[in-house]
Amino acid sequence: MSKIAIFGGSFDPVHKSHIQLVKFALESCDFKKVIFVIAYTPPHKSKQYANIDDRIAMLKIATKGLPQIEISLYEVLKKKVVYSYQTLDYFQSLYPEDEIYMIIGSDSLLELPTWKNIDYLASRYKFMVVKRPCIKIEKDTKYLDRCIVAQNETEDISSTEIRQMIKEDSKKSEIFLDKKVYSYIVKRRLYK
């Protein structure tokens, strides 16, 4: 039985920490592949800033040339809120012989109890958790028994902060983004 990891998000914009997180997950577990799933409308966010075509384009740029990486438009094509349990059920139906994991940051691990149908999700699937700075995982954290925790820690980068830097015309945002993603954002005048 092979392992497949699903990494969902709005990727608005995709940044270096997203890619780093996936690389750490691949180093920590023998995944056959990692599938980025772009959320059309994430359940926990009220709006997106770049349109879906731009978010897809930036993700393709950021993942180009990375082995074991695929991009799925499953949630995008639904054009509505899709919950994680629905997405993982979908991929389990596509890969019935494989074990499906969800990649999350340690901040999301602490939020799992608030997720829709989390008991169902946690009973069927496992989580690959990548540590984020300043987020402490306690031994009694709920659902920790369903997790593999990567030893490495990602950089502390936030899409919200990156969007704010771009809006303020700060060149500082460039260091948090793939150079070609940054050029795409500048050319398309995103987040202004």
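Throughout, residue positions are numbered sequentially from 1 according to the sequence presented. Computed over heavy atoms, backbone and side chain alike; hydrogens, waters and symmetry mates excluded.
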I need the [X] [atom1] to [Y] [atom2] distance, nearest 0.5 Å.
X      : Y      : atom1 : atom2 : answer
Leu190 : Tyr182 : CG    : OH    : 12.0 Å
Arg124 : Asp89  : CZ    : CG    : 5.0 Å
Gln86  : Asn117 : CD    : CG    : 8.0 Å
Thr63  : Ile71  : OG1   : CD1   : 3.5 Å
Leu21  : Thr154 : CG    : OG1   : 6.0 Å
Phe176 : Asp156 : CZ    : CG    : 9.0 Å

Find out if a path of hydrophobic residues (ILVMFWY) with successive side-chain heavy-atom gaps under 4.5 Å connects [X] to [Y].
X      : Y      : answer
Leu110 : Ile148 : no
Ile104 : Ile135 : no
Met1   : Tyr95  : no

Within 6.0 angstrom of Lys33 NZ, more than 12 heavy atoms from elsewhere
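Atom NZ in Lys33 is crowded, with more than 12 foreign heavy atoms closer than 6.0 Å.
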Would you say CG of Asp145 has more than 12 non-hydrogen atoms from neighbouring residues, nucleotides or ligands within 6.0 angstrom?
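Check passes, neighbour count above 12.
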Quick check: do [X] and [Y] have side-chain heavy atoms less than 4.5 Å from each other?
X      : Y      : value
Val130 : Phe7   : no
Val149 : Ile137 : yes
Val37  : Val82  : no
Phe127 : Leu109 : no
Ile61  : Tyr184 : yes
Tyr101 : Val129 : no
Lys23  : Leu66  : yes

State, without any angle test, whether Lys167 and Tyr49 hold a side-chain donor-acceptor pair at a distance under 3.5 Å.
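The criterion, which ignores hydrogens and geometry beyond distance, is not satisfied for Tyr49 and Lys167.
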To check you understand the geometry: which heavy-atom pair defines the closest contact between [X] and [Y], and what is its length?
X      : Y      : value
Ala25  : Ile103 : CB-CD1, 3.7 Å
Gln92  : Asp98  : NE2-O, 2.9 Å
Ser28  : Gln151 : OG-N, 4.2 Å
Pro113 : Ile118 : O-CG2, 4.0 Å
Pro13  : Tyr191 : N-OH, 3.2 Å
Ala50  : Met58  : CB-CE, 4.2 Å

Apply side-chain contact (heavy atoms from CB on, under 4.5 Å) to Ile35 and Phe91, showing your working.
CA-CA 10 Å; Ile35 303 172; Phe91 284 103; 3.9 Å; yes
Give me the ring orientation class for Tyr74 and Tyr90: parallel if the planes are under 30° apart, tilted from 30 to 60°, perpendicular past 60°.
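Plane angle under 30°, so parallel.
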Look at the aromatic rings of His18 and His15 and report parallel, tilted or perpendicular, splitting at 30° and 60°.
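Parallel: the ring planes of His18 and His15 meet at under 30°.
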Backbone of [Y] reached by a side-chain donor or acceptor of [X] within 3.5 Å:
X      : Y      : answer
Arg132 : Asp107 : no
Ser17  : Glu155 : yes
Lys16  : Ile175 : yes
Gln68  : Phe31  : yes
Arg146 : Tyr125 : yes
Ser158 : Glu161 : yes
Lys192 : Ile166 : yes
Glu174 : Leu177 : no

Dump the intermediate steps for side-chain contact (heavy atoms from CB on, under 4.5 Å) on Asp12 and Ser159, then the final yes or no.
CA-CA 6 Å; Asp12 194 13; Ser159 293; 5.5 Å; no
Would Trp115 and Ser108 satisfy side-chain contact (heavy atoms from CB on, under 4.5 Å), going step by step from the backbone distance to the final call?
CA-CA 10 Å; Trp115 287 22; Ser108 293; 4.3 Å; yes
